[in-house]
Amino acid sequence: MDECPFCLIAAGRSETEPVYADDHTVSFVPLRPAAPGHLLVIPRTHVADLWDLDGETSHHLTDSVLRVAHAVRRALRPDGLNVINSSGRAASQTVFHLHVHLVPRWEDDDFGDIWPRSPDHPAGTIAHAAERVRAALRSIT
C-alpha cells in the first residue's frame with residue numbers, strides 16, 4: 001500500500017522516527033499529538049481498521065500497545081491514559097490503517113472529556129442494541 005502513510009512509516013520509507021518498533025508493529029508520535037507522550041501503535045502489515053484485524057496481528061498489536069503504555073507510564077508518570085481506536089469515518093478515523101492512540105492524561109490537562117456528558121437515548125434503544133449484538137455474536141464462529 002504505497003499510498004498509505006502508515007505503511008510508509010512501517011516500511012521505514014518516511015522521515016517519521018519510530019519510538020518503538022519490532023517485527024510486527026511500529027510506534028511513533030502522530031503529526032498533531034493531543035498531549036506530550038501521545039503515541040500511535042500500528043501493525044506493520046496494512047489493516048484498514050479494527051474490523052479487518054486478524055487474531056495473530058491482534059496479538060502482536062496488543063503486546064506492543066501494552067509494552068509502549070508501560071514505557072509511557074514509567075517515563076512520564078501520567079495520572080491516567082486513554083487508549084483509543086477509531087474505526088470508520090463516523091468514528092473520526094482519518095488514516096485508514098489501523099492505529100491505536102496512547103494518550104497520557106494529567107488531572108490538570110486541557111484534553112477534555114471524551115464521552116458525552118448526558119447521553120439521552122430513547123427508551124429501550126440500549127437494550128435493543130445489546131440484544132441485536134448478542135444475536136450477531138451467536139452467528140459468528
Side-chain angles (χ1 to χ4, degrees), residues 1-14 16-141:
M1 304 241 60
D2 288 338
E3 67 279 354
C4 174
F6 288 0
C7 285
L8 294 175
I9 292 169
R13 297 187 355 232
S14 166
T16 300
E17 183 178 348
V19 172
Y20 172 76
D22 61 25
D23 291 343
H24 306 282
T25 64
V26 178
S27 178
F28 55 93
V29 178
L31 288 177
R32 291 182 302 278
H38 177 180
L39 298 170
L40 300 181
V41 183
I42 65 168
R44 284 191 181 271
T45 58
H46 186 82
V47 176
D49 57 32
L50 188 66
W51 293 302
D52 287 341
L53 184 62
D54 65 73
E56 183 178 349
T57 305
S58 172
H59 173 78
H60 295 300
L61 184 63
T62 301
D63 282 350
S64 292
V65 165
L66 288 171
R67 181 180 185 99
V68 174
H70 283 290
V72 166
R73 186 178 198 191
R74 181 175 290 177
L76 303 176
R77 298 288 182 215
D79 298 321
L81 180 76
N82 285 119
V83 179
I84 303 167
N85 167 257
S86 299
S87 289
R89 289 189 200 285
S92 73
Q93 184 179 8
T94 58
V95 177
F96 291 88
H97 182 122
L98 177 67
H99 53 286
V100 177
H101 294 261
L102 299 177
V103 184
R105 299 293 305 275
W106 287 269
E107 295 295 334
D108 61 348
D109 67 25
D110 62 354
F111 191 84
D113 292 332
I114 63 170
W115 300 108
R117 289 234 181 254
S118 59
D120 189 20
H121 303 286
T125 59
I126 301 299
H128 179 69
E131 186 50 44
R132 290 182 65 185
V133 172
R134 282 186 199 96
L137 283 165
R138 288 190 290 271
S139 69
I140 294 174
T141 56

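The figures here come from the full heavy-atom set of this structure, side chains too, leaving out hydrogens, waters and symmetry mates. Note that the coordinates shown come from a computational prediction; the quantities given were computed from them, not determined experimentally.
The local environment of CD in Glu131 is crowded, with over 12 non-hydrogen atoms from other residues, nucleotides or ligands closer than 6.0 Å. Counting heavy atoms of neighbouring residues, nucleotides and ligands inside a 6.0 Å radius, atom CZ of Arg105 exceeds 12 of them.
Counting only heavy atoms from C-beta outward, the side chains of Tyr20 and Leu39 never approach each other to under 4.5 Å. Side-chain contact between His97 and Pro43: present, with at least one pair of heavy atoms (C-beta onward) separated by less than 4.5 Å.
One N or O on the side chain of Ser86 and one on the backbone of Ala91 form a donor-acceptor pair closer than 3.5 Å. Judged by distance alone, with hydrogens and angles left aside, the side-chain atoms of Asp63 form no donor-acceptor pair with the main-chain N or O of Leu66 at under 3.5 Å. Side chain of Asp79 to main chain of Glu107: a donor-acceptor pair is present (N/O by atom type, distance under 3.5 Å, no hydrogens or angles). The closest donor-acceptor contact from the side chain of Arg13 to the backbone of Cys7 lies at 3.5 Å or more, if one exists at all. No donor-acceptor distance shorter than 3.5 angstrom exists from the side chain of Thr25 to the backbone of Asp22, with no hydrogens or angles considered. Using modelled atom types, one side-chain atom of Asn85 and one backbone atom of His99 make a donor-acceptor pair closer than 3.5 Å. With hydrogens and angles ignored, the 3.5 Å screen pairs a side-chain donor or acceptor of Gln93 with a backbone N or O of Val95.
A distance of 9.5 Å separates OG1 in Thr45 from NE2 in His24, rounded to the nearest 0.5 Å. Here the CG-CG distance, from Leu61 to Asp54, works out to 10.5 Å after rounding to the nearest 0.5 Å. Atom-to-atom distance recorded for Arg77:CZ and Trp106:CH2 is 12.0 Å, nearest 0.5 angstrom. Distance check: Leu40 CG to Phe6 CZ gives 5.0 Å after rounding to the nearest 0.5 Å. One distance of note links OG1 of Thr57 with NE2 of His46; it measures 12.0 Å at 0.5 Å rounding. Between the CG atom of Leu102 and the CZ atom of Arg73 there is a distance of 13.5 Å, given to the nearest 0.5 Å.
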Open item on the list: side chain to side chain contact (heavy atoms under 4.5 Å, CB included) for Val103 and Leu81? Distances and angles first, verdict last.
Closed with: CA-CA 6 Å; Val103 184; Leu81 180 76; 5.5 Å; no
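Closest heavy-atom contact between Asp49 and Ser87: CB-OG, 3.7 Å. Across Val26 and Ala10, no two heavy atoms sit closer than the pair CG2-CA, 3.9 Å. Listed here is the closest heavy atom pair of Ile42 and Phe28: CD1-CE2, 3.7 Å. The shortest non-hydrogen separation linking Pro78 to Pro104 is CB-CB, 3.8 Å.
Each of Asp120, Ile126, Thr125 was compared with Pro122 under the side chain to side chain contact (heavy atoms under 4.5 Å, CB included) criterion, and only Thr125 meets it.
Note on ring orientation: taking the six-membered ring where Trp is involved, the planes of His101 and His38 are tilted (angle from 30° to 60°).
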